Amino acid sequence: MAIADPFLSALNPAQREAVTCTEGPLLVLAGAGTGKTRVITYRIANLLRRGVAPASVLAVTFTNKAAREMRERVAALVGSRPLGMTISTFHSLGVRILRAEAERAGYRHGFNICDENDQVSLLRTVLREIRGAVAGLDPRAVLAAISRAKNRFDLPADVLEAASDDWEHLVAAGYERYQTSLRDMNCVDFDDLILLPVLCLRKDEATSRRYRTRFRHILVDEYQDTNGAQYQFLRCLVGPERNICVVGDDDQSIYGFRGAEVDKILGFERDFPGARIVKLEENYRSTASILDLANAVIAGNPSRHHKVLRSTLGRGEKVRCVAVPDEHAEVEYVLRDVTRLLDSSRVSPRSIAILLRAAAQARPFEEKLRLRRIPYTLIGGQSYFDRKEVRDVLAYWKVAANPTEDISFLRIINVPKRGIGSTAIRKLDDLAREAKVPLLEAVGLAAGGAGDFPPALRAAAGHIRDLFERARERLAAGKPARMARALIDEACYREAVDLLYPDPLTRDGRWRTVEDLVASVERWAEENRGGDLVEFLEALALDEMPREDREDGKANDAERRGVLLMTLHSAKGLEFPHVFLVGVEEGTLPHKKAAEDGDAAIEEERRLLYVGITRARESLTITHAAARTLYGEARPRQLSRFVQEVARQDLLLEEAFRPADAATEADVAELLSTYRKSRGR
DNA sequence: CAAAACTGCCTTTTT
DNA sequence: GGCAGTTTTG
């Protein structure tokens, strides 16, 4: 191109290539901090500018946050909301297709999306049926195996065929029944939101052609996090022109445990022959000192697209690596330094992040931060949906929306206490099986005189039947919000909360949550006139609720106050002027479990450290303790192998820290020797 | 059927 | 050490 184009002048040569190469498969390897988002938004803007119809553009992300950001930045760049363009998460796209094609996959229209808790309860019952009394089977482990199979795009028959030992046969049998139960209850899980659309599209050539010709330009963000099923999904959508552009960084693939396959980004050229590759290596985020360490650490991974991040900034301070005696000293050191930064007054609390391998590590930091009245925000950790009262209320609504859903119904059948215990439930379940009806219907039958039940139980059953009958009527009348409140009221759910939490303070807090949830349905119904409850539940499950409607206390960026405390996983994609990476020890990073799981897991742990390092803009401090109390027991700790490996390269400023009140060397030594003794036996 | 005692676990978690 | 799920006991 001979004429300089002002639109492209804001980009470096590699970025420009990634933006302007619009035809055919393209892999953009975007190292940390190399302007990935800029490339994506410019690329979309460039397509539109060149006359591509917005409706033929599909941009896929993993999170709603990323989708939202992309939409906003494209809008800012082209000056208006590009109407008709699809910018969506994999799962939202899946749901959209599945809602349209549900019958083809054997589902009825208003299916529920069940969350992880529902999945585990369902699997618990499934396993009981398969193995009778054999206990000790962890439903979570089986679920993980099923999910892995689904993410590889393996159906129950595939798993059965490949099964070679008892465990694998069990997984295959569990998977088969689990899937059947889900379908009977008209429920899908998160994995199904990818899997089922693909099955639909494959089954029907005409439909699949429709999507393929519609989306002529596909863009995928964070491609390193794509799993096998998502890959198949993309394959279904890519048209004959193969205009697929994937952007990602194999070095930041940290969701392997969720089924992501680094292999997909490593083998993009194999999957899409003739693909062009553009590497973005110019880093606009971190100092050279930080990037030198990052490059050195990640170089230890054997299979990767070779990249070296180059800093566009100065050298900066050397990365500090601080040895401390124990976890108390670690907190002490970090907070002392945080205070020092804050006192220097140029630094706002929000520019400091303390990054952890596991959410549980946050506790000692939280305690001290609170004690010193340093404002902080904890990100990640226990989800809002893990709260008992939230799960209960949602279970009520799910049953109202989808009365065939036994999992949720079982959850609330005796909440509040109605005298329906395990024996009664077993009998109701027998009745349901015999009559081949959902549990709720069996309860109705029992209330009407079927089976052998004491009068008190028949009364309770009648109450439940009436409760949901009224709920159904209100839903049928198009009054989801009225139904939502009435159902909770009439079910006397308040009683359950009162009984469960005798302490008035927690009780009020829990009840507040319930009221907030009810209020959010009401607000939602107000804003989405004519929308049904299924849609509300879907938006909630997919985390698509508009900001002001989110009652889960998840602070968005603007609301975050104070120092950030978060896991390495939730830090991906973010950046902070000052970063503390704590607990960088063998057993934590790499995690003990990863060491047991082999090389691939260790490589992922290394990438996790790499992600942590590359979050830092100006200063980075790594800490590690000589001993740490874990699960109520003191254990000796060693500096992470990833740091040890590069220790000789003069990349680190090593330091030892011992606060006056912390363990002395003798204490640590004693701790260790008692530990060894206790282990020795 | 509910409360109390007991056991076993203990990473990360975009949707 | 702390939670949740399970089994035992009242």
Side-chain angles (χ1 to χ4, degrees), chain A residues 60-68 88-95 113-117 119-121 124 128 133 135-141 143-144 147 150-151 188-194 221-222 224-227 229-230 252-260 355-364 379-383 385-386 388 414 417-425 454 456-457 460 499 538-544 554 566-574 583 587-597 601 604-605 607-609 611-612 629-634:
Chain A
V60 195
T61 63
F62 280 84
T63 67
N64 286 300
K65 190 175 164 235
R68 204 160 34 225
S88 142
T89 65
F90 269 106
H91 290 83
S92 300
L93 184 65
V95 139
I113 301 166
C114 61
D115 63 22
E116 213 179 305
N117 291 306
Q119 289 178 277
V120 172
S121 344
R124 219 186 292 283
R128 257 200 294 274
L137 270 174
D138 181 6
R140 290 175 174 282
L143 181 65
S147 181
K150 286 186 168 190
N151 288 332
V188 299
D189 64 19
F190 278 119
D191 301 326
D192 287 338
L193 295 181
I194 310 298
D221 191 17
E222 304 280 14
Q224 76 282 352
D225 293 335
T226 307
N227 66 39
Q230 285 156 342
Q252 293 185 69
S253 167
I254 56 173
Y255 282 101
F257 70 95
R258 287 289 266 119
L355 304 184
L356 323 150
R357 171 68 241 264
Q361 289 171 262
R363 196 171 271 190
I379 313 243
Q382 266 254 335
S383 150
F385 295 101
D386 285 341
K388 193 178 163 10
N414 199 33
K417 300 234 153 55
R418 303 189 173 99
I420 304 178
S422 52
T423 16
I425 289 175
L457 209 123
L499 194 73
E538 178 181 299
L540 211 59
L542 295 182
D543 201 21
E544 282 174 342
K554 250 194 222 172
M566 67 171 99
T567 62
L568 288 165
H569 282 88
S570 36
K572 195 179 81 166
L574 305 175
T588 303
L589 188 63
H591 194 269
K592 182 163 129 277
K593 203 80 156 201
E596 293 161 10
D597 288 353
E604 183 152 316
E605 296 288 306
R607 292 192 290 264
L608 209 40
L609 176 59
V611 165
T629 309
L630 282 172
Y631 315 127
E633 198 176 18

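So you know, we letter chains A, B, ... as the sequences are listed, proteins then strands, and number each from 1. Keep in mind that what you see is a predicted model, and the values were worked out from it rather than measured.
Using Watson-Crick or G-U wobble geometry with both donor-acceptor distances under 3.5 Å, B:dT13 finds no partner in any strand shown.
A donor-acceptor pair is defined here as one N or O able to donate and one able to accept, closer than 3.5 Å; such a pair exists between the side chain of A:Asn414 and the backbone of A:Ile420.
A:Lys417 is linked by a salt bridge (Lys or Arg N to Asp or Glu O under 4.0 Å) to nothing, counting only residues two or more places apart in sequence or in another chain. Every residue two or more places apart in sequence or in another chain that forms a ring-ring contact (aromatic ring centres under 6.0 Å, His included) with A:Phe62 is listed here: A:Phe90. Listed by chain and number, the residues in a salt bridge (Lys or Arg N to Asp or Glu O under 4.0 Å) with A:Arg363 amount to none (sequence neighbours excluded). Applying the side-chain contact (heavy atoms from CB on, under 4.5 Å) test to A:Phe257 and every residue at least two apart in sequence or in another chain returns A:Tyr255, A:His569, A:Glu604.
When distances are taken from the side chain of A:Phe257 to each of B:dT11, B:dT13, C:dG5, the shortest belongs to B:dT13. Among the nucleotides B:dC1, B:dT13, C:dT6, the one closest to the side chain of A:Leu457 is B:dC1. Listed candidates were B:dT15, B:dT11, B:dT13. Nearest to the side chain of A:Ser570 is B:dT13.
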Can you give me the N/O atom pairs linking the protein to nucleotides 8-10 of chain B at distances under 3.5 Å, or say none if there are none?
from   : atom 1 : to       : atom 2 : distance (Å)
B:dC10 : OP1    : A:Lys593 : NZ     : 3.4

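Counting atom types as modelled, A:Arg258 pairs no side-chain N or O with a base atom of B:dT12 as donor and acceptor under 3.5 Å.
Residue contacts for A:Lys417: at a heavy-atom cut-off of 4.0 Å it reaches the sugar-phosphate backbone alone, with no base atom in range. Contact annotation for A:Thr423: backbone-only contact, meaning every heavy-atom pair under 4.0 Å involves sugar-phosphate atoms and none involves a base.
The two residues A:Ile379 and A:Ser570 have their closest heavy-atom pair at O-OG, 4.3 Å.
Of the residues near DNA chain B, A:Thr63 and A:Ala594, the one whose nearest nucleotide (by heavy atom distance) lies more toward the 5' end is A:Ala594. Residue whose closest nucleotide on DNA chain B sits further toward the 5' end, between A:Gly419 and A:Glu605: A:Gly419.
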Completion exercise
Writing each nucleotide of DNA chain C 5' to 3' as (, ), [, ], | or . by Watson-Crick or G-U pairing under 3.5 Å yields ||||||||||
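Taking side-chain N and O atoms only, A:Asn414 has a distance below 4.0 Å to OP1 or OP2 of B:dA2.
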